[in-house]
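Report on one structure; see the data block that follows.
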Amino acid sequence: MEICIRKFANSSNNVIEAEEVTTSKSLVEDDITLPFELDIEIPIPPEAENSDFDGKIIGGADVPIDRFPYQLSLEYKGIHSCGATLIAPKWAVTAAHCTDKLSARYLTVRAGSSNNQRGGQVVESSRHPIVTQNAKPILLAEENSPVDEGTVGTVSGWGFTRENGAISKGLRAVRIPVISQARCRLAYGSQITDRMFCASLRTGGKDACQGDSGGPFVVDGVLTGVISWGVGCARPGYPGVYASVPVLRSFIKSVQAYTVFVVSCHVTYWNVI
């Protein structure tokens with residue numbers, strides 16, 4: 001998975017359309033735009049096992065948007081395709097594969113609604129901020145801050161409620177513990193890099209799934225990971241892989257410094273910010 005950047009804002013008709021530009025070469029070098037992956041096994045902390053979110057996004061609990069005001073629905077031609085996270089009034093971050101090979105003109109985000117089909121504010125790419133009730137940016141994790149084994153994060157989105165299932169209309173959430181890089185590499189080998197971390201229960205059963213990609217992994221109120229990939233959904237022995245925000249923070253901030261819409265693309269996946 002790689003990282004790309006895009007600015008979102010509101011136009012006069014409450015819809016935002018993205019304009020794409022080529023970034024400087026420094027923003028698309030391999031040491032920045034690399035894939036992310038997963039982690040493996042550990043004892044499960046009691047707070048994860050006894051979460052107030054019963055189960056996972058697959059079979060998990062409905063949650064109100066006012067508890068997750070940073071959560072966005074990334075839409076392609078008006079239909080939910082991925083999650084995204086509001087990190088500033090004019091900026092959102094999502095997974096690279098959610099926008100790969102797609103024209104920016106067809107991408108919008110929906111903010112401030114628990115339902116991915118109605119309500120809130122629909123935004124195209126522009127130079128105006130998202131300003132709607134129940135939409136609020138989240139802070140980024142500090143640069144290179146540790147994402148330790150056993151850390152419990154909250155994952156949210158509108159993805160499948162079971163593997164090979166269907167998109168959920170209502171927002172759902174679940175708490176999942178981070179596993180060690182060693183355990184993650186047992187499942188995925190050398191695909192796992194320092195730009196990734198993994199999270200799962202040893203027995204599976206709690207995970208993100210298709211349609212959740214690009215959404216947030218939040219720890220103590222800060223964006224710590226971006227939902228990326230995995231084998232299946234909630235399978236034992238196959239943790240979910242997340243892009244590490246602490247590792248990528250400096251890149252994200254460098255993109256936010258631009259006053260134009262920036263899109264930096266790499267081989268297979270990219271992130272939109």
Side-chain angles (χ1 to χ4, degrees), residues 1-24 27-28 65-66 68-138 140 156-159 167-171 210-216 223 226-227 251-266 269-273:
M1 168 172 147
E2 294 96 38
I3 297 262
C4 277
I5 298 96
R6 188 165 291 141
K7 193 177 191 179
F8 289 104
N10 187 22
S11 65
S12 59
N13 62 352
N14 271 356
V15 179
I16 296 177
E17 191 166 344
E19 54 179 285
E20 296 178 72
V21 299
T22 303
T23 60
S24 64
L27 284 180
V28 293
I65 193 65
D66 60 5
F68 299 83
Y70 48 81
Q71 177 78 54
L72 303 174
S73 168
L74 178 66
E75 301 177 338
Y76 179 66
K77 294 185 177 180
I79 298 173
H80 173 83
S81 61
C82 280
T85 304
L86 187 65
I87 60 170
K90 297 182 181 180
W91 293 92
V93 61
T94 190
H97 63 272
C98 292
T99 57
D100 189 32
K101 298 181 176 65
L102 300 181
S103 172
R105 81 176 87 176
Y106 297 122
L107 294 173
T108 55
V109 293
R110 185 181 299 274
S113 177
S114 299
N115 189 301
N116 62 40
Q117 297 181 355
R118 65 176 186 271
Q121 177 186 6
V122 177
V123 182
E124 300 170 352
S125 296
S126 178
R127 290 171 175 78
H128 305 286
I130 289 176
V131 285
T132 187
Q133 187 176 11
N134 295 325
K136 181 180 179 181
I138 190 172
L140 299 176
S156 53
W158 290 273
I167 295 295
S168 170
K169 292 181 181 179
L171 182 63
Q210 283 85 354
D212 292 318
S213 292
L223 182 65
V226 177
I227 299 169
F251 171 68
I252 295 171
K253 300 304 279 188
S254 72
V255 174
Q256 282 186 271
Y258 279 68
T259 57
V260 295
F261 304 101
V262 181
V263 179
S264 65
C265 307
H266 204 253
Y269 307 110
W270 31 300
N271 283 356
V272 178
I273 295 159

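From a predicted model like this one, the values you see are computed outputs, not experimental measurements.
Taking CD of Q71 as the start and CD1 of I138 as the end, the distance is 10.0 Å to the nearest 0.5 Å. The distance from atom CG of L72 to atom CZ of R110, rounded to the nearest 0.5 Å, is 11.5 Å. With rounding to the nearest 0.5 angstrom, the NZ atom of K77 is 10.5 Å from the CG atom of L107. Taken from CD1 in I167 to CD1 in I79, the straight-line distance is 10.5 Å, to the nearest 0.5 Å.
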Q) What's the verdict on side chain to side chain contact (heavy atoms under 4.5 Å, CB included) for T85 and V226, showing C-alpha distance, side-chain angles and the deciding distance? A) CA-CA 9 Å; T85 304; V226 177; 6.0 Å; no

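Considering only heavy atoms from C-beta on, L223 stays 4.5 Å or farther from Y70 through its side chain. Counting heavy atoms from C-beta on, the side chains of V93 and L140 never come closer than 4.5 Å.
In this structure, the side chain to side chain donor-acceptor pair (under 3.5 Å) partners of S73, at least two apart in sequence or on a different chain, are H80. Partners of S81 under the side chain to side chain contact (heavy atoms under 4.5 Å, CB included) rule, at least two apart in sequence or in another chain, are L74, Y76. Under the rule for a side chain to side chain donor-acceptor pair (under 3.5 Å), the partners of S213 that lie at least two apart in sequence or sit in another chain are H97.
Here the shortest heavy-atom pairing between T94 and G83 reads OG1-O, 2.6 Å. Between P137 and A88, the shortest heavy-atom distance links the atoms CB-N, 3.6 Å. Taking every heavy atom of both residues into account, Q121 and T132 meet most closely at OE1-CB, 3.4 Å. Contact record, A135 with G112: CB-N, 4.2 Å, taken as the closest heavy-atom pair.
Side-chain N or O atoms of D212 include none that pairs as donor or acceptor with a backbone N or O of C82 at under 3.5 Å. Between the side chain of S168 and the main chain of W158, no donor-acceptor pair closer than 3.5 Å is present.
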